Amino acid sequence: MKDQNHEEFKKELGLLDGTMLVVGSMIGSGIFIVSADIARQVGSTGWLILIWLISGIITMIAAVSYGELSAMFPNAGGQYVYLKEAYNKLIAFLYGWSFFAVIQTGTIAAVGVAFSKFTAYIIPAVSDENILYEIGNFKLNVAQIVSIVTIFFLTYLNTRGVKNSKILQTILTIIKILSISGLIIFGFTLAAKASVWNANWHDAWTPHSFNLETASWMPIGTTALISGISAAMVGTLFSSDSWTGVTFIAGEIKNPKRNVGLSMFLGTLIVTIIYVLTNLMYVAVIPLSEIAAAKSDRVAVVASQYIFGNIGTLIIALMIMISTFACNNGLIMAGARVYYTMANDGLFFKKAARLNHQSVPAWALWAQCLWASVLCFTGKYGDLLDFVIIIVLIFYILTIFGIIILRKKQPDTVRPYKAIGYPFLPFLYILIASAVCVSLLFTKFSTCGWGVLIMLMGIPIYYFIKEKDPN
């Protein structure tokens, strides 16, 4: 794809780079903390593992379905392009608007905050409790400054060309995979106890809720279980998100018709295996009540202390710092390509359509950086999750349904790869994701409703832009 200055993206990313981008962008800090909330919501080992497994499976279904779209449209922009081709520019713009306003920038901010939170284990001075300035309800703390500094640094690195970014991403992601694999292996070999495992799996399918104040379990009914599952899946789906990043940079992937789809499949498969094994390790090492009551939800810290003793806290902190740093590098690299494609369609700032002398959309990168930095001031890690995930799911549903639309709309377009299990698997994903969306709107309307509102705010903005620039 060319921009208005006739510059082109450089195709410098291979299958390994694409797969490492998927894995690196997916694994942030969620796997280290989300299981505590799941345990409190559903209160059983069976449901804990099943929720992670379901999230992984539907993510893989979506990934193999996206393979058809990535092979049909192997250019920069990914999901934005697919939605434009299947529906129209309005739907594509609503995605791009939500992507910039909340989805990508909110995720970058959340991951940046997580990085600083765990950096404070090693350097206590960078804690969010170290307040620098306070006015009214607003508090500026050192952790926010650290988050913003890392976002600026990674943005600068990405403006220097995709080669440096891909090397950093591949190295850090390999370190991440090896370190989490080491934690799983050492957990099973050094700290697993048959008594803990058996106790956790006893009555494994009877749901409970956990009272943090009394550290006690209470049985719950079917309605409360459904509510608990939908609430729990916010964390697992958020932890399994960002696998589409490789589609955004398809213009820089070698042989994109093959490697983009394959990268998504391999990446989501690797992450699903890692997530399920990590949680099996947790329940082999930690009593379920301790998982539910983990301080600040840091389940991995508790596990590491069982495995390595007091030094375990530092080991996990370092692992999560590497994990979140690599995660944000992948998110920052991929996100700017969406704004670049939108700008070429006249639906974003014109400067975002320009590539710099390193053949990367530098202006779009800095715009993303500035807004993500602003969002770092809005709250803590979990504050953005609910209204991020509902928008993400809505557009995943629309995109997967777009495969069906395009089969009728563009029957003669060459499809080097076709969605596996079509139409059963795409429909299964749409059904499950829709059920989660409806459940979230009923159980968490106060937060998810804001997400939908932010998305719908894009409609008048779209028509305002079209009126100013009808082309």
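All values derive from a computational prediction rather than experimental measurement.
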Worksheet item: Between CG of Asn259 and OG1 of Thr19, what distance do you get to the nearest 0.5 Å?
Response: 8.0 Å

Item to complete: Kindly compute the distance separating CG (Asn356) from CZ (Arg354), expressed to the nearest 0.5 Å.
Response: 12.0 Å

Fill in: Stepwise side-chain contact (heavy atoms from CB on, under 4.5 Å) test for Leu266 and Val22
CA-CA 9 Å; Leu266 292 174; Val22 173; over 6 Å; no

Practice prompt. Measure the shortest side-chain to side-chain distance between Met26 and Ser240 over non-hydrogen atoms and say whether it is less than 4.5 angstrom.
Written response: yes

Practice prompt. Please determine, by modelled atom types, if Trp52 and Ser35 share a side-chain donor-acceptor pair under 3.5 angstrom.
Written response: yes

Worksheet entry | Smallest separation among heavy atoms of Leu314 and Tyr121, with atom names | CD2-O, 3.9 Å

Worksheet entry | Note: Lys166-Glu252 ion pair, threshold 4.0 Å (strictly below) | no

Fill in: Side-chain H-bond candidate by donor/acceptor type, Tyr66 with Gln79, under 3.5 Å
yes

Worksheet item: Taking atom types as modelled and ignoring hydrogens, do the side chains of Gln410 and Glu85 form a donor-acceptor contact shorter than 3.5 angstrom?
Response: yes

Discussion item. Quick check: do Ile57 and Ile54 have side-chain heavy atoms less than 4.5 Å from each other?
Written reply: no

Worksheet item: Any side-chain heavy atom of Arg258 within less than 4.5 Å of one from Asn255?
Response: yes

Worksheet entry | Audit row: Met319, Ile180, side-chain contact (heavy atoms from CB on, under 4.5 Å) steps and yes/no | CA-CA 8 Å; Met319 281 177 59; Ile180 296 176; 3.8 Å; yes

Discussion item. Could you report the tightest heavy-atom contact between Ile31 and Tyr282, atom names first, then the distance?
Written reply: O-OH, 2.9 Å

Worksheet item: Can you name the closest pair of heavy atoms from Ser65 and Pro426 and give their distance?
Response: OG-CG, 3.8 Å

Worksheet entry | Separation of Met333 CE from Leu168 CG (nearest 0.5 Å) | 8.0 Å

Worksheet item: Distance only, no hydrogens: is a donor on one side chain within 3.5 Å (strictly under) of an acceptor on the other, for Asn164 and Asn158?
Response: no

Worksheet item: Is the charged tip of Arg298 near the ring of Phe118: under 6.0 Å from the six-membered ring centre and within 45° of its axis?
Response: yes

Worksheet item: Should the pair Tyr462 and Phe93 be assigned to parallel (<30°), tilted (30 to 60°) or perpendicular (>60°) ring geometry?
Response: tilted

Discussion item. Are there over 12 heavy-atom neighbours, none belonging to Lys351, within less than 6.0 Å of that residue's NZ?
Written reply: no

Practice prompt. Report the C-alpha distance between Gln368 and Ile151 in whole Å, list the side-chain angles of each, state the deciding distance to 0.1 Å, and finish with yes or no for side-chain contact (heavy atoms from CB on, under 4.5 Å).
Written response: CA-CA 10 Å; Gln368 174 182 256; Ile151 292 169; over 6 Å; no

Discussion item. On a heavy-atom basis, which atom in Ala336 and which in Ala364 lie closest, and how many Å separate them?
Written reply: O-CB, 3.7 Å

Worksheet item: To the nearest 0.5 Å, what is the distance between CD1 (Ile273) and CD1 (Ile184)?
Response: 10.0 Å

Worksheet entry | Ring geometry between Phe100 and Trp371 (parallel below 30°, tilted from 30 to 60°, perpendicular above 60°) | parallel

Worksheet item: Going by distance alone, is a donor N or O of one side chain under 3.5 Å from an acceptor N or O of the other, for Tyr339 and Asn344?
Response: no

Discussion item. Pairing donors with acceptors under 3.5 angstrom, does anything connect the side chains of Ser25 and Ser242?
Written reply: no

Discussion item. Could you check whether any side-chain heavy atom of Trp366 comes within less than 4.5 Å of a side-chain heavy atom of Phe152, counting everything from C-beta outward?
Written reply: yes

Worksheet item: Should the heavy atoms of other residues, nucleotides or ligands under 6.0 Å from CD1 of Ile135 be counted, would the total exceed 12?
Response: no

Discussion item. As a test of understanding, state which of Ile175, Thr173, Ile174 forms a side chain to side chain contact (heavy atoms under 4.5 Å, CB included) with Ile177.
Written reply: Thr173

Worksheet entry | Residues Tyr80 and Asp345: side-chain donor-acceptor under 3.5 angstrom | yes

Discussion item. Between Ser147 and Ser116, do the side chains contain a donor N or O and an acceptor N or O under 3.5 Å apart?
Written reply: yes

Practice prompt. Looking only at non-hydrogen atoms, find the nearest pair between Gly449 and Leu441 and report the distance.
Written response: N-CD2, 4.5 Å

Discussion item. Using a strict threshold of under 4.0 Å (side-chain N to carboxylate O), is an ion pair present between Arg415 and Glu68?
Written reply: yes

Discussion item. Could you go through Phe349 and Trp363, starting from their C-alpha distance and side-chain angles, then the distance that decides it, and tell me whether this counts as ring pair (Phe, Tyr, Trp, His ring centres under 6.0 Å)?
Written reply: CA-CA 9 Å; Phe349 299 103; Trp363 195 93; 5.6 Å; yes

Fill in: From NZ (Lys418) to CE (Met72), nearest 0.5 Å
10.0 Å

Worksheet entry | 4.5 Å side-chain heavy-atom contact, Ile51 and Met233 | yes

Worksheet item: Parallel, tilted or perpendicular: which fits the ring planes of Phe248 and Tyr95, with parallel below 30° and perpendicular above 60°?
Response: tilted

Worksheet item: Are the aromatic rings of Phe348 and Trp97 close, with centres under 6.0 Å apart?
Response: no

Fill in: Thr399 versus Phe395, closest heavy-atom pair with distance
OG1-O, 2.6 Å

Worksheet item: Rounded to the nearest 0.5 Å, what separation is found between the OG1 atom of Thr324 and the CG atom of Asn329?
Response: 11.5 Å

